[in-house]
Amino acid sequence: MALRIDILTLFPGMFAGPLSESIIGRAVQAGHVRLAIHDIRQFAVDRHHTVDDAPFGGGAGMVMKPVPLAGAIRSVTDSDPRPVVIYLSPDGVLFDQQCAAELAGLGRIVLVCGHYEGIDERVRVSLIDRELSIGDYVLTGGELAAMVVVDAVVRLVPGVIRAESTAEESHSDGLLEYPHYTRPANWEGQEVPEVLRSGHHGAVARWRRHRRLERTLARRPDLLARATLDAADRRYLAQFGWPPAAE
Ligand code: ADE
């Protein structure tokens, strides 16, 4: 089933390049995903097409007015079932691989990009179902965040890339990825690990699993507590003193 994504933005031109190239572009061409970009300004009701205004109570910056934004959201949510409406915001829940997989299975999502200081709180209350942040930093608007979400979600839609590519990648089961090598076997004095050229599939799989465990322990030990680990994984990690003794 194709995934449909509606994006509401004040800057539709920002999306042309990133979403028409490479894997995402091909996924759209092949019909795995339907992407529609909507200009919020077209839903402004005054003759100057105003979309922002000064905040009640004073303060810096401008706030996106509720009427154009609500009009834009309602124009893409009149279907049954109503699609999930997601606002990209640094205040949102942190977007991760699990969330990407969940959104890929929804069938239809609406992404709302804010600008200026944010959107009128009443629109959040009435029309936004979820808020997602792509990280603890502040972007100038939600557009780049929406593109990150689209990229991470679309590659998980069945048929977009080979299933094997997503099975063992970073974060798929809570672990980081193993190191990759291609020809030449010796590059500037660095040899490809012998086991990878041995043709012994069991040994290759074990070597890769161990590298994933070591790399995750070294770089992101926070992930290990939530990772899917079997008894052999736990035995392997125990030699490095994981899990650490409770304080
Ligand atoms: N808009 C501005 N900053 C953002 C962030 N970190 N994540 C999502 N949307 C944003």
Side-chain angles (χ1 to χ4, degrees), residues 3-21 23-24 33 35-44 50-57 59-77 83-106 108-157 170-171 219-220 222-223 226:
L3 171 65
R4 170 159 182 174
I5 305 177
D6 290 284
I7 300 176
L8 312 184
T9 174
L10 288 172
F11 302 98
M14 284 179 74
F15 292 86
L19 299 185
S20 59
E21 299 280 339
I23 294 171
I24 307 303
V33 51
L35 272 174
I37 317 287
H38 309 270
D39 188 350
I40 295 168
R41 197 173 292 276
Q42 294 200 331
F43 296 86
T50 313
V51 288
D52 62 321
D53 207 339
F56 275 114
M62 301 287 268
V63 177
M64 281 173 67
K65 291 168 74 65
V67 170
L69 185 55
I73 294 173
R74 289 192 170 119
S75 76
V76 293
T77 53
V84 176
V85 180
I86 300 165
Y87 173 48
L88 285 312
S89 157
D91 301 350
V93 172
L94 266 188
F95 178 66
D96 62 9
Q97 190 66 18
Q98 197 186 332
C99 182
E102 188 198 329
L103 298 185
L106 282 185
R108 189 166 172 200
I109 56 174
V110 174
L111 300 177
V112 178
C113 306
H115 251 264
Y116 312 111
E117 286 307 296
I119 63 176
D120 190 287
E121 186 66 18
R122 293 164 294 182
V123 175
R124 281 164 110 153
V125 170
S126 295
L127 297 174
I128 302 291
D129 301 308
R130 290 169 71 163
E131 302 199 7
L132 291 178
S133 164
I134 63 159
D136 291 338
Y137 39 80
V138 180
L139 303 167
T140 55
E143 282 75 13
L144 287 170
M147 287 185 240
V148 167
V149 170
V150 169
D151 193 284
V153 169
V154 167
R155 63 189 292 286
L156 297 179
V157 172
S170 294
H171 302 296
R219 299 183 182 185
R220 293 292 306 277
D222 57 301
L223 295 178
R226 284 178 284 132

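These values consider heavy atoms only, across backbone and side chains, with no hydrogens, waters or symmetry-generated copies. In this chain, residues are counted from 1 in sequence order. For ligands, and for the atoms within them, numbers begin at 1 and follow the listed sequence. Quantities reported herein were computed from a predicted structural model and do not represent experimental measurements.
Considering only non-hydrogen protein atoms, atom 10 (C) of ligand 1 sits nearest to P90 CD, 3.6 Å. With hydrogens left out, the protein atom closest to atom 6 (N) of ligand 1 is Y137 O, 2.8 Å, a heavy atom. Here the protein heavy atom with the shortest distance to atom 3 (N) of ligand 1 is L139 N, 3.0 Å. The shortest contact between atom 9 (N) of ligand 1 and any protein heavy atom is with S89 N, 3.1 Å.
Between G114 and ligand 1 there is no heavy-atom distance shorter than 4.0 Å. Distances from ligand 1 to the non-hydrogen atoms of T140 include no value under 4.0 Å.
A 4.5 Å side-chain heavy-atom check between C99 and R130 finds at least one atom pair inside the cut-off. Put simply, the side chain of L103 reaches to within 4.5 Å of the side chain of F95, judged on heavy atoms.
Heavy-atom contacts of A145 reach the following atoms of ligand 1: 8 (C), 9 (N) (cutoff under 4.0 Å). Against a heavy-atom cut-off of under 4.0 Å, L88 is close to the following atoms of ligand 1: 8 (C), 9 (N).
Under a 4.0 Å N-O distance rule, the pair D91/R124 qualifies as a salt bridge. In summary, R122 and D120 engage in a salt bridge, as defined by a charged side-chain N under 4.0 Å from a carboxylate O.
Between A36 and R4, the shortest heavy-atom distance links the atoms CB-NH2, 4.2 Å.
At under 3.5 Å, a nitrogen or oxygen of I134, whether backbone or side chain, sits near a nitrogen or oxygen of ligand 1.
Annotation: the span from I7 atom CD1 to I37 atom CD1 amounts to 4.0 Å, rounded to 0.5 Å.
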